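Comments concern the structure below.
Everything quoted here is computed from the prediction, not taken from an experiment.
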Amino acid sequence: LSALVCGLTVVAAAWVGVQAVRDGRLDGVALAVVVLTPLAAFEAVTGLPLAAQYRRRVRHSAERVFEVLDAPVPVHEPAVPAALPAGPFPLELAGLSARYAGQERPALDGFALTLDAGRRVAVVGASGSGKTTLAQVLLRFLDTEAGTYRIGGVPAGELDGDDVRRFVGLCAQDAHLFDSSLRENLRLARPDAGDGELREALRRARLLDWVDGLPDGLDTLVGEHGSKLSGGQRQRLALARALLADFPVLVLDEPAEHLDLATADALTDDLLRATEGRTTVLITHRLHGLDAVDEVVVLDGGRAVQRGPYAELAAEDGPLRRMLEQERAADLLLAGAAPLPPDRPTFLSK
């Protein structure tokens with residue numbers, strides 16, 4: 001619109017100027033000045049169209065910012081945090097319920113769990129069963145609605161959130177990798193870690209041989225969001241970072257999500273091997289390798305519907321058995337195998 005008005009003004013000035021020259025009221029040189037004057041005048045407003053575009057962008061950005069600022073606070077920090085306990089154990093959840101703002105029913109309802117040093121628990125269930133909610137509660141990213149959550153005998157709600165996360169660490173499916181080197185991404189966990197410690201963490205995550213084969217080794221750039229790595233390599237690097245941080249309690253939230261079956265199962269085996277002897281909560285929808293954990297908890301609708309050792313749950317009729325049958329049938333379909341006859345048992349023990 002600005003360019004159109006400017007052009008029309010120049011045409012109008014030229015038309016008036018030509019008439020004046022013809023009538024003898026204006027000479028030729030002055031006509032050039034008359035025609036060029038509107039162009040010079042419109043230079044003062046050439047930035048207005050761009051300003052209008054930026055105004056719309058800023059308004060939309062402000063709407064998103066205020067949406068975040070106006071959202072309910074998911075965690076209320078204590079005015080005077082309690083002193084840190086000597087250690088996180090036992091970590092206890094009893095009758096715990098949690099709900100997201102605006103939801104009618106709790107995402108986690110009446111959940112109980114006790115973690116001692118070295119104990120490993122797998123939490124399984126369908127999407128929306130409350131698995132990720134449990135991870136958020138453990139890390140104090142979400143407040144409890146009812147029940148108790150104690151760390152070393154101290155209610156977690158009385159501790160500063162950052163103190164809780166010194167005891168409980170997370171290795172998530174979408175762990176962020178920065179556009180930097182392998183070394184710098186690892187040192188986010190421990191800035192003072194030496195190369196020997198970095199290499200040990202990579203070895204435990206089954207990445208060291210790959211890193212040693214790279215021309216730049218630990219100085220290899222991973223690209224934006226780890227774009228130069230495969231999905232399995234990204235997850236292993238995130239695991240190495242979590243192991244380097246040496247959290248007393250490690251929460252693995254769907255670490256094999258979005259990976260093909262072979263890579264996902266291999267990663268799960270390596271995760272369980274790397275976390276042996278470490279208190280671990282493995283949150284997953286796949287059941288491969290769960291015979292290596294101490295207890296399996298099956299969630300459905302936010303409630304624990306079955307729990308116990310993997311071998312026992314897999315042998316008896318129940319939710320875990322049905323999940324095993326469904327997973328095996330899905331794996332057969334993906335592999336292009338023919339389905340089993342109806343009269344043949346669909347469950348095979350590990």
Side-chain angles (χ1 to χ4, degrees), residues 90-99 103 105-116 118-138 144 146-149 173 249 251-257 259 261 264-265 267-269 271-272 275-276 279-335 337-350:
L91 188 150
E92 302 171 294
L93 287 75
L96 189 142
S97 296
R99 185 194 311 263
Q103 282 194 337
R105 66 178 185 87
L108 206 60
D109 190 10
F111 186 80
L113 180 68
T114 299
L115 293 175
D116 295 309
R119 183 171 179 79
R120 298 197 294 179
V121 176
V123 181
V124 301
S127 178
S129 60
K131 303 188 303 296
T132 297
T133 302
L134 173 61
Q136 293 182 343
V137 168
L138 287 172
T144 60
T148 59
Y149 172 24
Q173 58 177 292
V249 179
V251 179
L252 304 173
D253 185 13
E254 296 282 10
E257 185 78 355
L259 301 178
L261 294 182
D265 291 346
L267 177 62
T268 300
D269 289 337
L271 287 172
L272 293 172
T275 56
E276 192 170 355
T279 306
T280 307
V281 178
L282 172 61
I283 295 171
T284 180
H285 67 280
R286 279 192 64 79
L287 308 179
H288 174 84
L290 298 192
D291 51 347
V293 304
D294 301 303
E295 182 184 18
V296 176
V297 181
V298 182
L299 282 180
D300 185 15
R303 301 187 68 87
V305 295
Q306 194 180 28
R307 65 195 313 156
Y310 173 83
E312 293 181 9
L313 300 187
E316 65 184 37
D317 187 28
L320 185 73
R321 173 74 172 264
R322 291 190 290 273
M323 290 175 63
L324 279 167
E325 294 175 349
Q326 293 170 2
E327 181 174 294
R328 182 169 176 269
D331 290 353
L332 287 173
L333 288 175
L334 288 174
L340 294 172
D343 58 345
R344 181 176 175 183
T346 57
F347 168 72
L348 295 178
S349 170
K350 286 185 68 67

Ignoring hydrogens, what is the shortest heavy-atom contact between [X] and [Y]? Give both atom names and the distance.
X: Ala314; Y: Leu320; value: N-CD2, 3.8 Å
X: Thr148; Y: Leu96; value: O-CD1, 3.8 Å
X: Gly289; Y: Asp269; value: CA-OD1, 4.3 Å
X: Pro255; Y: Leu267; value: O-CD2, 3.4 Å
X: Glu316; Y: Arg321; value: O-CB, 3.3 Å
X: Pro319; Y: Gln306; value: CD-OE1, 3.2 Å

Taking only Lys NZ, Arg NE, NH1 and NH2, and the carboxylate oxygens of Asp or Glu, determine whether Arg307 and Glu295 approach each other closer than 4.0 Å.
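Yes, this pair counts.
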Tyr310/Val124 under side chain to side chain contact (heavy atoms under 4.5 Å, CB included): CA gap, chis, key distance, verdict
CA-CA 11 Å; Tyr310 173 83; Val124 301; over 6 Å; no
At what distance, to the nearest 0.5 angstrom, does [atom1] of [X] lie from [atom2] of [Y]?
X: Leu108; Y: Arg99; atom1: CG; atom2: CZ; value: 11.5 Å
X: Leu282; Y: Glu254; atom1: CG; atom2: CD; value: 8.5 Å
X: Thr132; Y: Ile283; atom1: OG1; atom2: CD1; value: 6.0 Å
X: Arg119; Y: Thr280; atom1: CZ; atom2: OG1; value: 12.0 Å
X: Leu332; Y: Glu327; atom1: CG; atom2: CD; value: 11.0 Å

Verify side chain to side chain contact (heavy atoms under 4.5 Å, CB included) between Val137 and Phe111, making sure each step is shown before the conclusion.
CA-CA 11 Å; Val137 168; Phe111 186 80; over 6 Å; no
Sidechain-backbone polar pair: [X] side chain, [Y] backbone, donor-acceptor under 3.5 Å:
X: Asp294; Y: Arg120; value: yes
X: Thr279; Y: Asp116; value: yes
X: Lys131; Y: Ala126; value: yes

Side chain to side chain contact (heavy atoms under 4.5 Å, CB included) between Leu287 and Val296, intermediate numbers included
CA-CA 10 Å; Leu287 308 179; Val296 176; over 6 Å; no
Walk me through whether Asp109 and Ser97 qualify under side-chain hydrogen bond (donor to acceptor under 3.5 Å, both in side chains).
CA-CA 4 Å; Asp109 190 10; Ser97 296; 3.2 Å; yes
Arg286-Thr268 side chain donor-acceptor pair, cut-off 3.5 Å
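Judged by distance alone, the side chains do not pair up.
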Hey, mind stepping through Leu91 and Leu93 against side chain to side chain contact (heavy atoms under 4.5 Å, CB included) and telling me if it holds?
CA-CA 7 Å; Leu91 188 150; Leu93 287 75; 3.4 Å; yes
